[in-house]
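What follows is a set of notes on a single structure, which appears directly below.
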Amino acid sequence: MGLKKIKLIIMIVTTVFSFTSMSDAFFLKGYSAIPWFIISALTYFVPYLFIVSDLTSVYNDKAGGIYTWLKDSTSQKLAFVATLLWYSSYFIWMVSLFMKTWIPLSILLFGKDITHETTLLGIPTMGVIAVLSILLIIAISLVILSGFQKILDISFFSGRCLLFLMGLMAIGSIAVLIGHQGEFSASLHVNPFFSSQGVFQSPTENLSFFIFGITAFGGLDTVACLVNNTGELKKKFSKLVLACGAVIISLYIVGIFLWGASINLSEFVNGDKFHLGNLMYGLMGQLALNISGTFHLSAGFSQLLLQVFLRLTALTLFTAYMSLLSIISYGPLQAITEGVKETKLRKYLHHKNKKGTLILPVLVQGIGLGLFVLVISFSQKTIGGFYNQLTLMTNISRSIPYLLVALSYPAFKRLYPVNKDLTVVNKKSHVYLFSTLVVLSVCLSIFFSIYEKIVVHEFLNACLLLFGPVLFAALGTVIFKFCEEKTMVKNN
């Protein structure tokens, strides 16, 4: 297997698989997370895998991702509006991710999170974070301008860190299991797999975990946007997507299983020391302490082992953020640019560098991200609340394009009924089954997101969840109509 193929596989796997989500799942449900992950995979991830695999097989030489997928099977207008919804949600997420990246770096360098300090070296902490975040935005923009290969290299390095951390966790868990004469820290019987454990207990929380499972499988569409950049591998991309899907599902299940070998969940969740914000560090730290206790290591060596585990976790999370930022700064931008390129604005966008990257969209995105970071950092009291509301408004906006892709899939199959490399999608019954399962899963996810807010009487937040997609769709429609009236949009 060539190095580029290995890099591409690692990029796909690590874009979708999240060590954090796997750890959160164990904390929330224990071993009973495993059947819920299987249900989420069967009802959402596997059907969506086949849909995306089919789409990338047909459109393997075209940029645009969701825009390209929807344009042929629906309309240019709907494709543009859906892509704007999708891009807007990623743009808002990128702002918070650029600022959050410094937390794992702080833990890596200092052994603790110092971003909550009031000042750093006599300078207000938010000011330091703002400057560092803008420098990171510049760095990521330069990576994008350097071409897809650089993104692939960063993703490959991040993936190796993730695989190393998984290996460390696996070896540590197995060592604790051996030290306990094969006795699992979490009871290994049939009952724990089907009875609620961890933090989530009630039927409502179980439904919430189903939505969590769907979210844990997110990101496939983003990496699929990059298929046209994969050179000679683009014809094999659809099969690689399916193979990576099987790896991702296995990593989630095996990871939860291994946590149970070394961590006593009931003792872990009963205190108030750990929460979803610090859980990954908490579990890895507890694993280090359990190894030390099992093999009666000295206090000094135990503390050293704890710091090694915590800092390797921070390194993995930092590189994961870097990889994710590189991918989501490029894939969604490429998609929205494809929609705009079909207008007379093309003359402003056609300038590419030697690596084949459009220069202006990357610069405009970088400036926009930088301005958001500055405004939020220095206007926390006045703008911070608005940004949180804006984030809520984009939560559902990100899932609607997936819904449209699944809904339009039967229409796509009428245009391209035969896929020689993927015969399972050539049957009409399979096409409608895949489409229906994804649509129902996404609709349930949207409904429950709103229902959760209503149950706790957060009516404003519930309204914002609904208002966001309406607002961004209206904005997309206005932009499209303006272009159309000015004869800027080409007729198909």
Side-chain angles (χ1 to χ4, degrees), residues 13-38 40-41 97 100 103-104 107-108 113 158-159 161-177 184-186 192-193 196-200 205 208-219 247-291 305-306 308-321 323-324:
V13 170
T14 54
T15 300
V16 179
F17 173 74
S18 167
F19 191 94
T20 306
S21 294
M22 181 266 291
S23 302
D24 290 350
F26 176 72
F27 179 72
L28 294 171
K29 291 287 292 174
Y31 278 149
S32 58
I34 292 176
W36 281 101
F37 260 112
I38 293 172
S40 298
L97 204 55
K100 196 165 69 172
I103 296 174
I107 295 172
L108 175 63
D113 179 11
S158 169
C161 289
L162 175 62
L163 293 175
F164 180 80
L165 189 68
M166 280 290 294
L168 182 66
M169 186 267 274
I171 293 169
S173 296
I174 292 170
V176 172
L177 183 65
F184 279 67
S185 297
F193 286 87
S196 290
Q197 297 174 292
V199 177
F200 280 6
E205 287 171 334
S208 178
F209 189 80
F210 171 67
I211 306 307
F212 172 88
I214 291 175
T215 306
F217 288 117
V247 173
I248 291 161
I249 295 170
S250 301
L251 283 174
Y252 275 123
I253 293 173
V254 171
I256 295 168
F257 186 77
L258 286 171
W259 274 136
S262 57
I263 302 291
N264 187 324
L265 184 62
S266 60
E267 293 178 4
F268 199 76
V269 301
N270 287 333
D272 56 1
K273 187 178 178 181
F274 300 108
H275 51 79
L276 294 182
N278 65 4
L279 183 64
M280 196 165 86
Y281 302 105
L283 283 170
M284 287 300 293
Q286 189 62 49
L287 176 59
L289 294 175
N290 288 354
I291 292 171
L305 189 66
L306 175 64
V308 169
F309 273 49
L310 289 178
R311 297 196 190 212
L312 283 173
T313 303
L315 173 64
T316 301
L317 198 55
F318 177 73
T319 58
Y321 282 163
S323 173
L324 189 58

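Side chains are part of it too, since the values below use all heavy atoms of this structure and drop only hydrogens, waters and symmetry mates. Sequential numbering from 1 along the given sequence is applied to the chain's residues.
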All side chain to side chain contact (heavy atoms under 4.5 Å, CB included) counterparts of [X], not counting sequence neighbours:
X	answer
I103	K100, I107, D113, T115
V308	L304, L312
I174	I178, L258
A25	A33, F37, F209, F212, I256

Starting at [atom1] of [X], measure out to [atom2] of [Y] and round the result to the nearest 0.5 Å.
X	Y	atom1	atom2	value
I263	Q286	CD1	CD	5.0 Å
Y31	I253	OH	CD1	13.0 Å
Y281	L310	OH	CG	9.0 Å
L317	S158	CG	OG	9.5 Å
S323	F318	OG	CZ	12.0 Å

Please enumerate all residues that pass side-chain hydrogen bond (donor to acceptor under 3.5 Å, both in side chains) together with [X], with sequence neighbours excluded.
X	result
S23	W259
T319	none
S40	none
S262	S173

Could you list the donor-acceptor pairs under 3.5 angstrom formed by side chains in residues 162-169, with sequence neighbours left out?
none

Pairing residues for F17 by the ring-ring contact (aromatic ring centres under 6.0 Å, His included) criterion, not counting sequence neighbours:
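If we apply the ring-ring contact (aromatic ring centres under 6.0 Å, His included) test to F17, skipping adjacent residues, the hits are Y252.
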Carefully, step by step, assess F19 and L251 under the rule side-chain contact (heavy atoms from CB on, under 4.5 Å).
CA-CA 9 Å; F19 191 94; L251 283 174; over 6 Å; no
